[in-house]
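Excluded from the calculations below are hydrogen atoms, water molecules and symmetry mates; all remaining heavy atoms, backbone and side chain alike, are included. Here the structure is a predicted model, which is why all the values come from computation and not from measurement. Every number for a ligand or one of its atoms is a count from 1 in the order of the listing.
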Amino acid sequence: MNNPDPLADTEPAFTVNGTVRPFGQVSAHTTALDWLRDNGLTGAKEGCAEGECGACAILVAQGDGNGGTSWTAVNSCLVPMASLDGQELVSAEGLGTPEHMHPVQAAMAAAGGSQCGYCTPGFVCSMASEYYRRDRTPAPQGPDGGGGETGPNGFELESLSGNLCRCTGYRPIRDAAYALGPPGNDAMAGRAESPAPAPRNTLLERTDGVFVRATTLPQALALLSGNPEAVLVAGSTDWGVEVNIRARRAPLVIAIDRIPELDAIMATDTEIEIGAAVPLSEIERALGGRVPMLAQLIPQFASRLIRNRASLGGNLGTASPIGDSPPALLALDAQIILASADRERAMPLSEYFTGYRTTVRRADELIKSVRIPLPLDNVNAFHKIAKRRFDDISSVAVAFSLHIEDGVVATARIGLGGVAATPLRARASEDALTGRPWTLETVQRAAAVLGAEGTPLDDHRASARYRSRMLSNALLKLHALNSPSQEAPQ
Ligand SMILES: Cc1cc2nc3c(=O)[nH]c(=O)nc-3n(C[C@H](O)[C@H](O)[C@H](O)COP(=O)(O)OP(=O)(O)OC[C@H]3O[C@@H](n4cnc5c(N)ncnc54)[C@H](O)[C@@H]3O)c2cc1C
Ligand code: FES
Ligand code: FES
């Protein structure tokens with residue numbers, strides 16, 4: 001590789017359960033899970049090695065967006081060890097011991113939330129992350145004593161969506177979660193007040209490849225321009241699967257997730273710009289519902305464990321035709337910003353995809369950000385049709401952004417995923433709606449057009465006919481939920 005210097009500044013090391021540990025002779029592709037287990041910390045388990053089961057969950061100290069630290073649960077099977085240089089992590093062993101259990105471990109034991117125990121270290125890490133969440137406050141419960149999926153203690157059950165258990169049937173685990181009190185005054189709670197560790201320039205040169213963390217955009221772009229074979233890595237929720245399951249290795253991996261320009265969200269009166277590497281959980285927190293389309297999309301994307309690292313740049317970087325963000329971003333008329341050492345260019349996302357997993361992005365370019373123009377339309381919806389509610393891949397996804405004024409569709413943009421080799425705009429359906437009254441008649445006609453958009457395939461997830469039918473139904477549902485007849489009687 002060309003010119004990695006002057007990126008390295010100190011011997012790679014991280015803090016594990018309160019003790020600074022040098023990396024030692026790890027390879028450039030070693031995962032955090034493998035390092036932990038090779039070093040005697042065998043609490044975290046390998047169930048699937050592809051982010052599906054959560055048996056490997058650990059806690060990483062990450063910035064909370066307000067100058068403090070949040071203990072963020074991540075899938076250690078997907079995180080490259082090298083990306084944790086200078087960082088702090090806690091595994092189940094660091095939470096407590098059999099003699100001095102952590103409150104989440106004690107609650108799990110008391111509720112019978114552990115049987116064979118294989119999933120338990122991962123569950124307690126996800127649970128501890130939610131236990132320490134600073135804005136977790138007691139939640140009002142419904143008349144039947146139930147609070148939906150939030151416990152009386154404000155515990156959001158969805159924080160466990162990436163953890164699977166084969167034994168308990170989940171109810172005892174929920175009981176344990178809902179029995180937790182407010183965080184005590186332990187060291188992990190105290191850590192919340194001080195900033196998370198800064199990123200470090202990292203250089204790991206090994207026989208299986210080189211891992212570099214660039215901490216500035218010019219560094220990353222210079223490296224990329226001299227090394228077109230390099231793989232960029234942000235959250236590693238896709239790349240980690242490639243490494244583990246398909247045994248992919250790259251001569252050079254460039255970590256870009258802590259570059260300030262890629263790790264920021266900026267809003268003006270005319271647009272919201274989201275850095276390509278901002279984790280989806282952080283986008284959800286920072287936007288706080290300001291972009292309803294993303295507020296609908298993000299909870300349906302994978303699991304909390306995955307969303308704590310997965311980014312929009314990674315989702316667009318894979319150019320998968322079944323990625324969930326492209327339909328939503330297409331409907332929002334988003335622009336994608338591509339940066340290289342010599343220039344930056346912005347283009348509509350609709351011009352980005354060129355074929356199955358191919359795009360206009362050159363090898364020396366990275367995705368810097370996406371820009372969502374404001375104001376937003378007044379009808380927005382994201383429909384993900386999948387077999388399971390959480391942690392599943394779309395059979396088909398549809399996003400609608402319509403501006404309806406005085407009962408007429410002034411503008412319509414519809415983004416589709418899972419019905420062609422690329423995500424696409426449903427232009428014929430948009431034409432069938434635009435300028436027409438927002439009535440059932442218009443919608444039924446446009447739904448028939450929508451059902452014929454794209455070239456859906458039969459595969460193990462769904463038949464082509466089902467996919468087409470779901471497109472039509474999504475528009476009918478949108479109308480049913482957003483038509484004057486749905487207004488509450490006065
Ligand atoms: C269990 C599981 C569930 C999942 N569920 C979903 C789901 O519901 N919906 C969905 O859409 N996806 C899902 N995914 C896929 C994955 O989580 C997403 O694609 C995610 O957005 C990838 O982001 P990342 O930051 O982790 O990407 P990475 O793994 O870091 O990178 C992915 C690819 O994009 C490239 N890349 C990353 N950042 C950039 C950039 N800034 N510029 C250019 N290229 C870049 C990398 O080189 C790599 O090729 C799932 C994955 C797993 C493991
Ligand atoms: S081992 Fe299954 S999610 Fe990591
Ligand atoms: S206790 Fe056995 S898998 Fe959860």
Asks: Please confirm whether I367 comes within less than 3.5 Å of ligand 1 when only nitrogen or oxygen atoms on both sides are compared.
Replies: yes
Asks: Considering both backbone and side-chain atoms of D391, is one of its nitrogen or oxygen atoms within less than 3.5 Å of a nitrogen or oxygen in ligand 1?
Replies: no
Asks: Is there at least one pair of N or O atoms, one from A302 and one from ligand 1, spaced under 3.5 Å apart?
Replies: yes
Asks: Name all residues meeting the side-chain contact (heavy atoms from CB on, under 4.5 Å) criterion together with A196; count only those two or more places apart in sequence or in a different chain, and write none if there are none.
Replies: T69
Asks: Return yes when atom CZ of R357 has more than 12 non-hydrogen atoms of other residues, nucleotides or ligands closer than 6.0 Å, and no otherwise.
Replies: yes
Asks: Is there a nitrogen or oxygen of G235 sitting under 3.5 Å from a nitrogen or oxygen of ligand 1?
Replies: yes
Asks: Relative to ligand 1, is I306 under 4.0 angstrom through side chain, backbone, both or neither, heavy atoms considered?
Replies: side chain
Asks: Test of understanding: given a 4.0 Å heavy-atom threshold, classify the contact between L280 and ligand 1 as side chain, backbone, both, or neither.
Replies: neither
Asks: Does the residue E365 have a heavy-atom contact with ligand 1, meaning some pair of atoms that are separated by less than 4.0 Å?
Replies: no
Asks: Can you find a non-hydrogen atom of R361 under 4.0 Å from ligand 1?
Replies: yes
Asks: I'd like to verify the contacts: list protein N, O or S atoms under a distance of 2.8 Å from atom 2 (Fe) of ligand 2.
Replies: C48 SG, C53 SG
Asks: How many protein atoms of type N/O/S are positioned less than 2.8 Å from atom 2 (Fe) of ligand 3?
Replies: 2
Asks: Which residue and atom name correspond to the protein heavy atom nearest atom 31 (O) of ligand 1, and how close is it?
Replies: G314 CA, 4.0 Å
Asks: Any idea which part of K384 is under 4.0 Å from ligand 1, heavy-atom wise: side chain, backbone, both or neither?
Replies: side chain
Asks: When only distance counts, is A234 in polar contact with ligand 1, meaning an N/O pair under 3.5 Å?
Replies: yes
Asks: Identify all side-chain donor-acceptor contacts of residues 336-346 below 3.5 Å with residues at least two apart in sequence or on another chain.
Replies:
from, atom 1, to, atom 2, distance (Å)
S340, OG, D342, OD1, 2.7
S340, OG, R343, N, 3.4
S340, OG, R343, O, 3.3
S340, OG, R362, NH2, 3.4
E344, OE1, K368, NZ, 3.2
E344, OE2, K368, NZ, 3.3
R345, NE, E365, OE2, 2.7
R345, NH2, V360, O, 3.1
R345, NH2, E365, OE1, 2.8
R345, NH2, E365, OE2, 3.3

Asks: For ligand 1, which is the ligand I care about here, please tell me if L232 has any N or O atom under 3.5 Å from one of the ligand's N or O atoms.
Replies: yes
Asks: Out of A386, G317, G313, indicate the one that has the non-hydrogen atom closest to atom 39 (C) of ligand 1.
Replies: G313
Asks: Checking side chain to side chain contact (heavy atoms under 4.5 Å, CB included) against N17, which of L41, I58, L36 comes through?
Replies: L41
Asks: When you measure from the heavy atoms of D257 to every atom of ligand 1, does any distance fall below 4.0 Å?
Replies: no
Asks: With a cut-off of 4.0 Å, which atoms of ligand 1 are near a heavy atom of S236?
Replies: 24 (P), 26 (O), 28 (P), 29 (O), 30 (O)
Asks: When you check the gap from the basic side-chain N to the acidic O, do D392 and K387 get nearer than 4.0 Å?
Replies: no
Asks: Ignoring angles and geometry beyond distance, decide whether E52 reaches within less than 3.5 Å of ligand 1 through its nitrogen or oxygen atoms.
Replies: no
Asks: Of S311, G240, G54, A220, which has the heavy atom at the shortest distance from atom 21 (O) of ligand 1?
Replies: S311
Asks: Can you check whether a protein heavy atom sits less than 4.0 angstrom from atom 25 (O) of ligand 1?
Replies: yes
Asks: Check contact between I393 and ligand 1, using heavy atoms of the residue and a distance below 4.0 angstrom.
Replies: no
Asks: Considering both backbone and side-chain atoms of E50, is one of its nitrogen or oxygen atoms within less than 3.5 Å of a nitrogen or oxygen in ligand 1?
Replies: no
